[in-house]
Amino acid sequence: MKIIAGNWKMNMTRRETLEYFERYAGLNPDKSGARVIFLVPYTAISTAVETGENLGFEVGAQNVYPAAAGAYTGEITADMIKDCGAKVVLVGHSERRTLFRESDTFINEKLRCVLDAGLSAILCVGETAKERENDETEGVLWRQITMALDKLPDLSKLIIAYEPVWAVGKTADGKSKKPATSQQIADAHAFIKTILTGFTDANDIPVLYGGNVKSETSGEIMRIPNVDGVLVGGASLKVEEFSKIIESSSALLN
Ligand code: PGA
């Protein structure tokens, strides 16, 4: 069973969300090979949850604030997310690390509060182009993972996504970035699995790949050893395309 997660980022009103899922229901992709998760804006969570109950997918948030309540204007707690029916929270996405300067310790706090609330967490890790050029990929992955997982009591609902920053999203002129090669993905995933052996009960933590995943490449990516699924940004906004990605995981069962 693979995990296919779509990260809508800051896109989709409630109306667009409804239209998306109407279309999705019509396409009815074969998801026998996948656990499907939609990571939607906070404002679309309830709408997505109501539709998802019949369509067999889980809904998640893209961020959380690590406190139970209080004077944190503009922020949202894990319990509020849970209250809307979401089951998953994305933590440490590279856009949050860069644009909002989130540190490894802050990400550890977020992860703790998501897992404490009984929700699943998808932790994103990955090196920048410069770090890869400087041969720092393994050091960065080791730091990001060990700091994020530090002193977490229960990792049973944790998912990790390897997302090399240089492969995620678009370039300044709007073009898709160069995807990682199969070898680069295989090496990073094998290394992440090795890091995880250092944590008790971390053996079954799924590791997804993210960065420019499309329906033409998703099947091949999910065949790479130690790749337990994909985290899809841009391509998850197009319902036909995302449905094909889901189908590509079912094709692996044959
Ligand atoms: P992308 O984004 O598929 O558009 O590269 C992936 C992500 O940000 O999770």
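Counting convention: from 1, in listed order, for ligands and their atoms alike. Hydrogens, waters and symmetry mates are skipped; everything else that's a heavy atom, side chains included, is used.
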Discussion item. For Phe100, does the six-membered ring have the charged nitrogen or CZ of Arg96 within the cation-pi criterion, i.e. under 6.0 angstrom from the centroid and within 45° of the normal?
Written reply: yes
Worksheet item: Leu115 and Leu119: which non-hydrogen atoms are nearest, and at how many Å?
Response: CD2-O, 3.7 Å
Fill in: Passing candidate, side chain to side chain donor-acceptor pair (under 3.5 Å) with Asp228, options Lys193, Lys2, Arg35
Lys193
Worksheet item: Got a sec, which residues hit salt bridge (charged side-chain N to carboxylate O under 4.0 Å, His left out) with Asp104, two or more places apart in sequence or on another chain?
Response: Arg97, Arg143
Go ahead and list the nitrogen or oxygen contacts between ligand 1 and the protein that come in under 3.5 Å, distances to 0.1 Å, or just say none.
unit_1   : atom_1 : unit_2 : atom_2 : d
ligand 1 : 2 (O)  : Lys9   : NZ     : 3.4
ligand 1 : 3 (O)  : Asn212 : N      : 3.4
ligand 1 : 3 (O)  : Gly233 : N      : 2.8
ligand 1 : 4 (O)  : Gly234 : N      : 2.8
ligand 1 : 5 (O)  : Gly169 : N      : 2.7
ligand 1 : 5 (O)  : Asn212 : N      : 2.8
ligand 1 : 8 (O)  : Lys9   : NZ     : 2.7
ligand 1 : 8 (O)  : His93  : NE2    : 2.6
ligand 1 : 9 (O)  : His93  : NE2    : 3.3
ligand 1 : 9 (O)  : Glu163 : OE1    : 3.2
ligand 1 : 9 (O)  : Glu163 : OE2    : 2.7

Worksheet item: Is there a side-chain contact between Val36 and Tyr24 (heavy atoms, below 4.5 Å)?
Response: yes
Discussion item. Could you check whether Lys214 pairs with Glu241 (Lys NZ or Arg NE/NH1/NH2 to Asp/Glu carboxylate O, under 4.0 Å)?
Written reply: no
